[in-house]
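Read the structure below first, then the notes.
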4 protein chains.
Amino acid sequence: MNIRLDQAQAIVAGVLEYAASMRMKPICAIVLDARGELKAAATMDEASLKRSSIARGKADGALAMGMGSRSLFKRAKEQPFFISAATQAVGGSLVPVPGGVLIKDAAGKVLGSVGVSGCTSDNDEAAALAGIASAGLVGDPGQD
Amino acid sequence: MNIRLDQAQAIVAGVLEYAASMRMKPICAIVLDARGELKAAATMDEASLKRSSIARGKADGALAMGMGSRSLFKRAKEQPFFISAATQAVGGSLVPVPGGVLIKDAAGKVLGSVGVSGCTSDNDEAAALAGIASAGLVGDPGQD
Amino acid sequence: MNIRLDQAQAIVAGVLEYAASMRMKPICAIVLDARGELKAAATMDEASLKRSSIARGKADGALAMGMGSRSLFKRAKEQPFFISAATQAVGGSLVPVPGGVLIKDAAGKVLGSVGVSGCTSDNDEAAALAGIASAGLVGDPGQD
Amino acid sequence: MNIRLDQAQAIVAGVLEYAASMRMKPICAIVLDARGELKAAATMDEASLKRSSIARGKADGALAMGMGSRSLFKRAKEQPFFISAATQAVGGSLVPVPGGVLIKDAAGKVLGSVGVSGCTSDNDEAAALAGIASAGLVGDPGQD
């Protein structure tokens, strides 16, 4: 099972709609498939230079470890050395702050992940969850 | 001047529509802004694993050197050592085959680039050009 | 909008003049354009070996995250794991101490960034701000 | 012995003046000191995205191997595997086409190097030589 392009595009559209409705700062939203490959993405105008790299790092981290990046955030506060080492081990793209959310189907199977960056981490995560819900799928943001 | 998100999304939609109408193999289309940053992207279902990296490399190469990747293709055949060295110098993402197309406005200003990968290089380039034209912008694919 | 070469050169000259007038230690000043590309630079005689890499990392970090590096300094003290991860995610060049300053026009649009390194971080930042002001532009150093 | 900042700035100014007088395409000029560190640089407006990386690669290659990049160009045509391996060995920045020129004093001592990129390789090299001569120093471009 893997996310389809039409689902990924619906998620991106849902993230952007939520961000606009909440007047969030300019964000980037990236959807990866279950293999960690880029499926769909959009960066709002006026976003800062490397937003897509941060968004990707959140999505990469969630998939890499099989948990939403809020769980990685908790682990980073408890065991920063682990997150640092894991980042190196996976090749440098793993950003352990909220906003990297697993995309699951109704049965709990992982279909991919979403990474959002540009506003506060909490807002980024809320937008990711709104986008996933708008596509009729289930988001897993991880736990504090 | 930089490409806007709505323009980038129109280009991606135009590329996908062209690819579907021509029954091309599953492709990835990536639009970068003038800063070389990810602006919009879509990967068709059943695309092979690293299509997005190849598409990105075409788009990166075109922007890096200021010419469509068909011109880099020509140079690669004439001076393979130059392309190899340039790839290293710019950090590893530069794919010198057709399918990386500069996006220009009517005045010739570079607004960004598109990279397409998944079918033949010639078809990839045709899809990129079709997508750019569908957004009312001008594509520069480079020259043999 | 992007910084012009004559503006970037004026900023570098202003930084050097300030550093000399304050008898700062030998510094490097680097100006990046809004794309994150090298626009102008100067390294004073007797600067230590890797000053330009540190100056560049300050300028890169400010642009990458869209905030002066003093804000990244604050975040690094609060969430060191985030800065470490972001550094990896953006490719290794992000130095989160004062001295990386966004260059803005009167309307607040980001035109590029300046990185200064060689003296204390506070002095480096003061020199960056003096250089930007000398070119008639607005510097944003970030906040503690 | 090492190049001084005032000399490096004179070289950059001389390169830009030559490029403008010959109506060359927008270039980047970078001066490295004898240690391979960035001493001075300028990128003309409208240069393509990665011109500074290519210019730096020419200057790095000349210093790395102790010969102007025209000699590396000759070697690349004869032994491409050597240039490819050397590029990897030195960390990726070595561009073996004309335009990387050693800066020497009257006694033949290497003070640094200049890299120019943006126009044809021959024009880039001519601009580098003009800039070095304008600073009263001796340029060594290498040999075919």
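Just so we're on the same page: letters track the sequence lines, and every chain starts at 1.
- For Ser121(D), the part lying under 4.5 angstrom from a heavy atom of chain B is the side chain only.
- Within a 6.0 Å radius of NZ in Lys77(B), more than 12 heavy atoms belonging to other residues, nucleotides or ligands are found.
- Counting heavy-atom pairs under 4.5 Å between each of Gly57(D), Pro96(D), Ser93(D) and chain B puts Pro96(D) at the top.
- In this structure, the side chain of Thr87(D) does not engage the main chain of Ala85(B) through any donor-acceptor pair within 3.5 Å.
- Looking only at heavy-atom pairs under 4.5 Å with chain D, the residue among Arg35(B), Gln79(B), Gln88(B) that has the most is Gln88(B).
- Of the atoms belonging to Val95(D), heavy atoms from both backbone and side chain fall under 4.5 Å from chain B.
- Looking at Ile83(D), neither its backbone nor its side chain comes within 4.5 Å of chain B, counting heavy atoms on both sides.
- Counting all heavy atoms, side chain and backbone alike, Ser53(D) lies closest to Ala89(B) at CB-O, 3.6 Å.
- For the pair Ile54(D) and Val90(B), the minimum side-chain heavy-atom distance is below 4.5 Å.
- Annotation: the span from Lys50(D) atom NZ to Asp60(B) atom CG amounts to 8.0 Å, rounded to 0.5 Å.
- For an aromatic pair to be called close, the ring centres must be under 6.0 Å apart, and Phe73(D) with Phe81(B) satisfies this.
- The most heavy-atom pairs under 4.5 Å with chain B, out of Gly91(D), Ser52(D), Pro80(D), Gly92(D), come from Gly92(D).
- Between Arg51(D) and Met65(B), the shortest heavy-atom distance links the atoms NH2-O, 3.1 Å.
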